[in-house]
Amino acid sequence: MSDFVWPTILILNAVLVLLIGVFVLWKLNKDKKSGYPIKDERTIKISGKAAIGTYYISLAFMVSLSLFIIFGTEFLDLPELEAGWAIIAIMLVSGISNALLSWYYSRKGDL
């Protein structure tokens, strides 16, 4: 049964990503043809500030995670953290912090 599940999940995931990509490209093309600007100066500035903030938050998280892994395994005899879980945690922190910072900066009046 386990041989059947993962290929099916991966194929469904690839189809879902492809469909979302087609929808996003269709929406961008539709907005471009109707005359809406894709990005103006404010959205570019918001994206830039959110990206810089996300970089620093992710960097601090990765350093703290590395120190926790080193000191946890060497001095506290904690079990080693698998690489997959560390990567998932880093991706979640990066994605959530970018979304929150973009939302925060878009709610601010003047940047």
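FYI, side chains are in, hydrogens and waters are out, and symmetry mates aren't considered; it's all heavy atoms of this structure. When a residue number appears, it is its place in the shown sequence, counting from 1.
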Can you get from [X] to [Y] by hopping between Ile, Leu, Val, Met, Phe, Trp and Tyr side chains that sit under 4.5 Å apart?
X     : Y     : value
Leu25 : Leu18 : no
Ile20 : Met91 : no
Ile69 : Ile87 : no
Ile52 : Val93 : no

Start with the C-alpha distance between Ile57 and Leu101, add both sets of side-chain angles, then the distance that settles side chain to side chain contact (heavy atoms under 4.5 Å, CB included), and finish with yes or no. CA-CA 11 Å; Ile57 291 170; Leu101 287 173; 3.9 Å; yes
Out of curiosity, [X] [atom1] to [Y] [atom2], how far, rounded to the nearest 0.5 Å?
X     : Y     : atom1 : atom2 : answer
Leu19 : Leu12 : CG    : CG    : 10.5 Å
Leu67 : Met62 : CG    : CE    : 12.5 Å
Asn13 : Ile9  : CG    : CD1   : 9.0 Å
Ser58 : Ile96 : OG    : CD1   : 11.0 Å
Leu65 : Ile70 : CG    : CD1   : 10.0 Å

Ser34 side-chain N/O to Asp31 backbone N/O, donor-acceptor pair under 3.5 Å: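 Judged by distance alone, yes, a pair lies under 3.5 Å.
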Taking Arg42 for the side chain and Ser106 for the main chain, is one N or O donor matched with an acceptor at less than 3.5 Å?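 Pair found, side chain donor or acceptor close to backbone of Ser106.
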Test side chain to side chain contact (heavy atoms under 4.5 Å, CB included) applied to Leu28 and Val24, step by step: CA-CA 6 Å; Leu28 284 174; Val24 168; 4.1 Å; yes
Applying side chain to side chain contact (heavy atoms under 4.5 Å, CB included) to Thr73 and Leu81, what does each step give before you reach the verdict? CA-CA 9 Å; Thr73 56; Leu81 180 67; over 6 Å; no
With a 4.5 Å limit on heavy-atom distance, are the side chains of Phe61 and Ile90 in contact?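 They are in side-chain contact.
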Cut-off 3.5 Å, side chains only: do Thr54 and Ser94 have a donor facing an acceptor?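 On atom types as modelled, these side chains do not qualify, holding no pair under 3.5 Å.
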Report the relative orientation of the aromatic rings in Phe23 and Trp26; use parallel for angles under 30°, tilted for 30 to 60°, perpendicular for over 60°. tilted
